[in-house]
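Please read the structure below before turning to the comments.
Owing to the predicted nature of the structure, the values given are computational and were not obtained by experimental measurement. Numbering of ligands and ligand atoms starts at 1, following listing order.
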Amino acid sequence: MTTKPASRFFIETFGCQMNVNDSEKVAGLLLADGYERAATAADADFVFINTCAVREKAAEKLFHSLGRLKRLKAAKPELVIGVGGCVAQLQGTGILERAPYVDVLVGTHNAARVPELVRRARAGFSGCVDLDRKADSFRVPDAAVAHTSAVRAYVTAIEGCNHVCSFCVVPRTRGPEQCRPADEIVREVRSLVNRGYPEVMLLGQTVNAYRHAGVGFADLLRRVHDVPGLQRLRFTTSHPEHVSAGMADAFRDLPKLCPYLHLPVQSGSDRVLESMRRGYDRAGYTDTVALLRGRVPDLALSSDIIVGYPGETESDFQATADLVEEIAFDSLFVFLYSPRPGTTALRLADDVPDEEKLRRFRVLNDAQQERQGRRNAALVGRRMEVLVDTVRDAGRVSGRTRHFQIVHLDGDAGLLGRTLEAEIVGAGPNALRGRAAAEVSLTGAVAL
Ligand code: SAM
């Protein structure tokens, strides 16, 4: 008797860590349903594209991928194509009009229904669509999440966003905030640690707005931190308005909480910040940074900036460049403003020409690269704690320091998940090169 080979799936993910985590949930559910992973879309029976709508370019990536899948499906008509995530939520069945060969469409709250909808599509049913935003996003059982990394596990703490930033499509695609009960989060972290994960990253669009049944964000951090065996704790993304003294204290007091914070500022101009409806001004942001650095002087800070926001003048831009210089971020993500459907900024003229947006992008980026290059060069000769998280090709691995810098090392898969003390022997603006000097155990460093 020959057994029928298992069906195979392939997932393409665009966007942020939350999208990666959603894809991990879909993958886990498919694996539990008897599917196997395919190495490429061409080898798969089901291809799922998890989309990002935050900028127009990201959203358009869906249709580039669909163009390729259309050709695959012409050669293999039984191929099932699914689309999920923010673009699916935003454009809904409009996607089916533009790409009628898409079989399954799910919104941001319906990952749990993917296996069932694929089954229906394979049985020949049409209309395998679920865009219901009232569905419970946390329905996917923890054990079903197929984490991409064997070292850093993403754990959702909050879904959605209650902010009203003028430029941002996320509240429309992911809906209002829903916090997950702290007990569930802690239970998931405990189970991950028992399965060997040394590091956990708590996720949410504005994760530090967390509040559930009287448990605030700082309390949540303390509870997760206390899970025995956890080595490193991180979280992202934070909103400056929700940085509290309690959160700053947590950075100072909790040794497993890594001293790195991504804190998007978006602009250094009060006029632009007000139009963006960010809820703070420049002084508010610098006070927040002072609060944090008062507790942890070497806290690594990264940020997001949007250049070319409607009406952004040269002096607004200079205010941003000055702020970036003043704070001296450890890393920076600069984006060109992109008008998004349903946002309030859409009513404003997108009046900064593309070439000027690009020039502002380059000014900030070049200065940042220069700063990072200088800072990293000063680390040569130092010893840093590195948790190895990636196996690269040809006898090389890489990992992250507690401050989230990337360090490349010689080594093989045997080092994955191990914490090393590395001597820094080289540096570029975006990564360091190290030599493993000792292994760090929970009780201290031992020679390798
Ligand atoms: N809610 C998270 C936050 O506040 O960081 C994630 C938002 S988004 C995934 C990440 C970054 O994309 C934002 O911080 C912002 O800098 C940028 N962004 C959002 N909307 C944008 C737009 N319309 N045009 C350009 N960049 C945008």
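Not less than 6.0 angstrom separates the ring centroid of Phe235 from the ring centroid of Tyr210.
For a threshold of 3.5 Å applied to N or O pairs, the pair formed by Gln205 and ligand 1 contains at least one separation below that value. Taking only nitrogen or oxygen atoms, main chain and side chain alike, Phe167 reaches within less than 3.5 Å of ligand 1. Inclusion of Asp304 in the set of residues having an N or O under 3.5 Å from an N or O of ligand 1 is warranted.
With a 4.0 Å cut-off on non-hydrogen atoms, Thr237 touches ligand 1 through its side chain and not its backbone. Residue His262 does not touch ligand 1, judged by heavy-atom distances below 4.0 Å. Using a 4.0 Å cut-off between heavy atoms, Pro264 contacts ligand 1 through its side chain alone, with no backbone atom that close. Heavy atoms of Leu336 found under 4.0 angstrom from ligand 1 belong exclusively to the backbone. If you look at Arg55 next to ligand 1, the close heavy atoms, those under 4.0 Å, all belong to the side chain. Contact annotation for Phe335 and ligand 1: only side-chain heavy atoms (C-beta onward) come within less than 4.0 Å of the ligand.
Of the charged side-chain nitrogens involved, at least one lies within less than 4.0 Å of a carboxylate oxygen, so that Lys357 and Asp350 count as a salt-bridged pair. Using a cut-off of 4.0 Å between Lys/Arg side-chain N and Asp/Glu carboxylate O, Arg295 and Asp253 are scored as not salt-bridged. Salt-bridge check for Glu312 with Arg360: passed, with a basic side-chain N closer than 4.0 Å to an acidic carboxylate O. Using a 4.0 Å cut-off between charged side-chain N and carboxylate O, Arg282 and Asp322 make no salt bridge. With respect to Arg278 and Glu241, no salt bridge is recorded, no charged nitrogen being found less than 4.0 Å from a carboxylate O. Between Arg359 and Glu355 there is no salt bridge, since none of the side-chain N atoms of the basic residue sits less than 4.0 Å from a carboxylate O of the acidic one. Salt bridge status for Asp249 with Arg252: present, with a side-chain N to carboxylate O gap under 4.0 Å. At a threshold of 4.0 Å, the pair Asp389-Arg232 does not count as salt-bridged, since none of the basic side-chain nitrogens sits closer than that to a carboxylate oxygen.
The closest approach between His239 and ligand 1 stays at or above 4.0 Å for every heavy atom of the residue. Ligand 1 lies within reach of Ile306, whose nearest heavy atom is under 4.0 Å from it. Residue contacts with ligand 1: Thr206 is excluded, as none of its non-hydrogen atoms falls under 4.0 Å.
For ligand 1 and Tyr337, the ligand atoms under 4.0 Å from any heavy atom of the residue are 24 (N), 25 (C). Residue Val54 has at least one heavy-atom neighbour below 4.0 Å for each of these atoms of ligand 1: 8 (S), 9 (C), 19 (C), 20 (N), 21 (C), 22 (C), 23 (N). Residue-ligand proximity, Gln266 to ligand 1, at heavy-atom distances under 4.0 Å covers atoms 13 (C), 14 (O), 15 (C), 16 (O). Of all the atoms in ligand 1, the ones that sit under 4.0 Å from a non-hydrogen atom of Arg340 are 23 (N).
Ranking protein heavy atoms by distance to atom 23 (N) of ligand 1, first place goes to Ser338 O, 2.7 Å.
Summarising the geometry of Ala53 relative to Arg340, their closest heavy-atom pair is O-NE, 2.8 Å, with the distance given to 0.1 Å.
For the pair Arg400 and Phe404, the cation-pi test (distance below 6.0 Å, angle within 45°) is passed.
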